[in-house]
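Note that the structure is a prediction, hence the values are computed from the model and not measured.
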Amino acid sequence: MVLAARFRNWWRAGRDPLARIGGAITIAALGILIGVQYMKPDKRMLGVMAAAVLFGVTWRVDTLSGIGLLIIAIPYPRGTVFGSSNFAFVLLLMMIWLLRVTQRRSPPPRRTPVDFAIGGLVLAYVISFYNIDNLNSLKYALESTELFAVSLLMFYMLVSNVRNEADFERLQVFQAISLTTILLLAVFELNHPGGAFIRGWIEFGQTVGTEMNTRNVRVGGAFYDFELLSEFCALNTLLVGFMILRARSFYRRLALSGLLALDIFVLFTTLTRGAVIALSLGLVYLLFRIRRRVNIVALTIAGASIGGTAILMNYAVANFTRSGNLGARLRQTRFLGIIPDDRVRPWMDGWTRFLEHPLIGHGPFYSAMTGTHRWYWPHNGYLLVANYVGSVGLGFFLALLFTMLAISSRGGDDLRHPSYARAYLLIAHVQLVTFMIDELKIEYLRNPTYQFEVWLMFAMLVAAYRVAFPPSGQGSAAIVRAAA
């Protein structure tokens with residue numbers, strides 16, 4: 001009855017009879033279409049409907065909210081004829097943003113401290129195509145370059161649209177929502193190894209451990225890769241811990257504490273040693289950075305709490321889930337010198353292959369076969385970049401990382417600084433250090449979905465720096481004028 005009354009009011013309020021008739025026909029057609037798809041769903045039609053809804057929602061909301069929706073959607077891409085849905089979503093947001101820029105409803109693109117390094121890396125990608133020698137490799141190289149280009153578009157769109165600390169905090173809420181969905185999906189995989197969450201879309205047929213009577217399951221979650229999921233959890237442990245520290249209400253702090261516990265639980269279900277080691281080193285580095293503000297009693301309590309939590313979490317995962325014992329894997333680690341024994345052959349192969357084209361690389365595609373020779377995957381982010389774009393590209397990539405280290409180090413040592421963005425810079429700095437350590441044994445480029453998460457982390461760091469230290473002439477007053 002209420003819906004009928006609203007429809008009558010809408011009908012009477014209309015002035016143009018043709019518009020009223022067209023609107024009624026549209027509503028009826030949509031109702032029929034939704035009903036038909038409910039009874040007999042068609043993948044293509046559902047995709048078109050989802051795209052139409054997405055475009056409508058994106059157009060109606062502000063650009064920053066659109067970026068927030070992108071953050072939530074990134075872990076769950078769908079393949080299309082022209083690329084993944086992430087590619088389509090980023091381009092859609094980019095077009096809407098540029099249209100709003102021309103209408104002066106959104107801020108224009110802004111320069112960043114990392115432009116030189118990014119420009120050099122783009123140039124290195126282009127030049128590396130010189131060594132692509134067959135159509136099959138060219139296909140994969142173009143796909144890899146497309147992912148890199150779309151990640152850059154997302155990076156600059158986010159940095160340009162975060163204009164104040166309120167914007168920054170809003171995006172971190174979207175990050176927390178995205179993390180929640182990823183972690184819950186990982187728990188589903190742990191309890192349904194080899195199963196499917198949504199058939200034809202989110203399936204876990206390759207879950208590691210299902211061949212062993214569903215014991216020692218290594219969860220890969222939305223990235224379908226347990227090593228990348230473990231790195232993601234390690235990096236977000238720092239982020240969520242910071243959000244708990246800065247929470248202004250008891251209930252928000254309670255919800256974030258639950259999210260942190262879930263994050264650590266999923267980290268242990270990946271059974272990945274490298275991420276735990278990298279996170280531990282990151283926490284030690286964080287302690288070093290804030291050493292002048294540390295109370296010895298609080299430090300002792302925090303250290304005991306972290307150690308106790310790790311022991312209890314490992315015991316729970318090892319004894320009450322389908323996963324295994326991460327602590328036992330850590331104790332079984334063997335080294336040849338300073339190199340883990342299971343990385344010796346991959347690193348040697350990655351280095352040998354790099355030396356074939358040391359200057360400009362093989363192109364942005366890692367071929368496992370050259371003639372009859374089979375190459376091990378390098379299992380090292382820096383070696384993979386070197387194989388992609390040579391020593392020149394690796395130099396620009398390292399310049400990007402060290403530039404971000406330099407600007408984030410300006411955040412100081414106070415996690416409770418009145419400026420939220422400035423306090424976050426310290427955590428972003430430690431996240432970057434943790435990431436750089438973990439990339440010694442894994443490559444973020446190996447997965448088309450995870451790449452977006454890494455560039456999102458880079459974008460949040462640069463955006464926080466721009467908010468905390470605005471360029472001359474673009475202080476708070478200028479930001480307020482731009483927002484208006």
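- Here the side chain of Asn387 pairs a donor or acceptor atom with the backbone of Gly350 at under 3.5 angstrom.
- Note on ring orientation: taking the six-membered ring where Trp is involved, the planes of Phe204 and Phe188 are tilted (angle from 30° to 60°).
- Judged by distance alone, the side chains of Thr181 and Tyr76 do bring a donor and an acceptor atom under 3.5 Å apart.
- His429 is listed as a side-chain neighbour of Tyr285, based on a closest heavy-atom distance under 4.5 Å.
- Residues Arg218 and Thr269 have side chains that never bring a donor and an acceptor to within less than 3.5 angstrom of each other.
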Item to complete: Just do the side chain to side chain contact (heavy atoms under 4.5 Å, CB included) check on Leu229 and Ile182 with the steps written out, would you?
Response: CA-CA 9 Å; Leu229 179 62; Ile182 292 171; 4.1 Å; yes
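- Between the CE atom in Met460 and the CG atom in Leu239 there is a gap of 7.5 Å [rounded to 0.5 Å].
- Atom-to-atom distance recorded for Leu432:CG and Leu235:CG is 9.5 Å, nearest 0.5 angstrom.
- Within the 4.5 Å cutoff, the side chain of Ile442 has no heavy atoms near those of the Thr272 side chain.
- Side-chain contact between Val150 and Leu91 is absent, with no heavy atoms from C-beta onward closer than 4.5 Å.
- The two residues Leu183 and Cys233 have their closest heavy-atom pair at CD2-SG, 3.9 Å.
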Discussion item. Applying ring-ring contact (aromatic ring centres under 6.0 Å, His included) to Phe197 and His192, what does each step give before you reach the verdict?
Written reply: CA-CA 9 Å; Phe197 185 71; His192 303 82; 9.1 Å; no
Discussion item. Between Glu439 and Met436, is the side chain to side chain contact (heavy atoms under 4.5 Å, CB included) condition met? List the steps.
Written reply: CA-CA 5 Å; Glu439 284 296 296; Met436 293 173 67; 5.8 Å; no
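- The nearest pair of heavy atoms linking Pro113 to Val462 is CD-CG1, 4.2 Å.
- A 6.0 Å sphere centred on CZ of Phe174 holds more than 12 heavy atoms belonging to other residues, nucleotides or ligands.
- Between the side chain of Asn380 and the backbone N or O of Leu440, at least one donor-acceptor pair lies under 3.5 Å.
- With a 4.5 Å cut-off on side-chain heavy atoms, Ser391 and Phe354 count as touching.
- Residues Val389 and Ser128 come closest through the heavy atom pair CG1-OG, 4.0 Å.
- In this structure, the side chain of Ser408 engages the main chain of Leu405 through a donor-acceptor pair within 3.5 Å.
- Of all heavy-atom pairs spanning Thr449 and Pro75, the tightest one is CG2-CA, 3.6 Å.
- Here the shortest heavy-atom pairing between Leu158 and Ala463 reads CD2-CB, 4.0 Å.
- Shown are Tyr388, Trp377, Tyr376; of these, the ring-ring contact (aromatic ring centres under 6.0 Å, His included) with Tyr366 is made only by Trp377.
- Atom OG of Ser178 is separated from atom CD of Gln172 by 13.0 Å, given to the nearest 0.5 angstrom.
- A donor-acceptor contact shorter than 3.5 Å links the side chain of Asp225 to the backbone of Leu228.
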Item to complete: Tell me, with the steps shown, if Phe265 and Val187 meet side chain to side chain contact (heavy atoms under 4.5 Å, CB included).
Response: CA-CA 9 Å; Phe265 172 80; Val187 173; 4.2 Å; yes
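- By the 4.5 Å heavy-atom criterion applied to side chains, Arg100 and Ile96 are counted as neighbours.
- Side-chain N/O atoms of Glu189 and Tyr224 include no donor and acceptor closer than 3.5 Å.
- With Phe155 as reference, Trp455 is the one residue of Phe452, Phe458, Phe148, Trp455 to meet the ring-ring contact (aromatic ring centres under 6.0 Å, His included) rule.
- In this structure, Asp263 has no salt bridge (charged side-chain N to carboxylate O under 4.0 Å, His left out) partners at least two apart in sequence or on a different chain.
- For Tyr444 and Glu231, the side-chain atoms include no donor-acceptor pair closer than 3.5 Å.
- Remark: of the listed residues Arg345, Arg446, Lys441, Arg446 is the sole one forming a side-chain contact (heavy atoms from CB on, under 4.5 Å) with His379.
- For the 3.5 Å distance criterion, the side chains of Arg410 and Tyr465 qualify, holding a donor opposite an acceptor.
- For Arg252, the CZ atom counts as loosely surrounded, since its 6.0 Å shell holds 12 or fewer non-hydrogen atoms of other residues, nucleotides or ligands.
- Listed for the Arg253 side chain is a donor-acceptor partner under 3.5 Å among the backbone atoms of Ala247.
- Applying the 6.0 Å contact sphere to CZ of Arg292 captures no more than 12 heavy atoms from other residues, nucleotides or ligands.
- Using a 4.5 Å cut-off on side-chain heavy atoms (C-beta onward), Tyr424 and Arg246 make no contact.
- Of the N and O atoms on the side chains of Thr270 and Glu227, not one donor lies less than 3.5 Å from an acceptor on the other residue.
- In this view, Glu169 and Arg248 satisfy the salt bridge (charged side-chain N to carboxylate O under 4.0 Å, His left out) rule, not counting sequence neighbours.
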Worksheet item: Taking it one step at a time, do Leu147 and Asn86 satisfy side chain to side chain contact (heavy atoms under 4.5 Å, CB included)?
Response: CA-CA 9 Å; Leu147 283 169; Asn86 284 339; over 6 Å; no
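- For Asn161 (side chain) and Leu64 (main-chain N/O), no donor-acceptor pair under 3.5 Å exists by modelled atom type.
- How far CZ of Phe232 is from CE of Met457: 10.5 Å, rounded to the nearest 0.5 Å.
- Taken from CZ in Phe89 to CD1 in Ile74, the straight-line distance is 9.0 Å, to the nearest 0.5 Å.
- A side-chain donor-acceptor contact under 3.5 Å links Ser160 to the backbone of Arg110.
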Discussion item. Show, in sequence, the C-alpha distance, side-chain angles and deciding distance for Tyr420 and Phe242, and conclude whether the ring-ring contact (aromatic ring centres under 6.0 Å, His included) test is met.
Written reply: CA-CA 10 Å; Tyr420 186 94; Phe242 171 73; 5.3 Å; yes
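- In this structure the side chain of Leu259 never reaches within 4.5 angstrom of the side chain of Asn236, judged on heavy atoms.
- No side-chain donor-acceptor contact under 3.5 Å links Asp438 to the backbone of Thr434.
- Proximity of a side-chain donor or acceptor of Arg289 to a complementary backbone N or O of Leu286 within less than 3.5 Å is not detected.
- At a threshold of 4.5 Å between non-hydrogen side-chain atoms, the residues Ile290 and Leu426 count as touching.
- Within a 6.0 Å sphere centred on CH2 of Trp351, heavy atoms belonging to other residues, nucleotides or ligands number 12 at most.
- For the residue pair Val90 and Met157, the shortest heavy atom distance occurs at O-CE, 4.2 Å.
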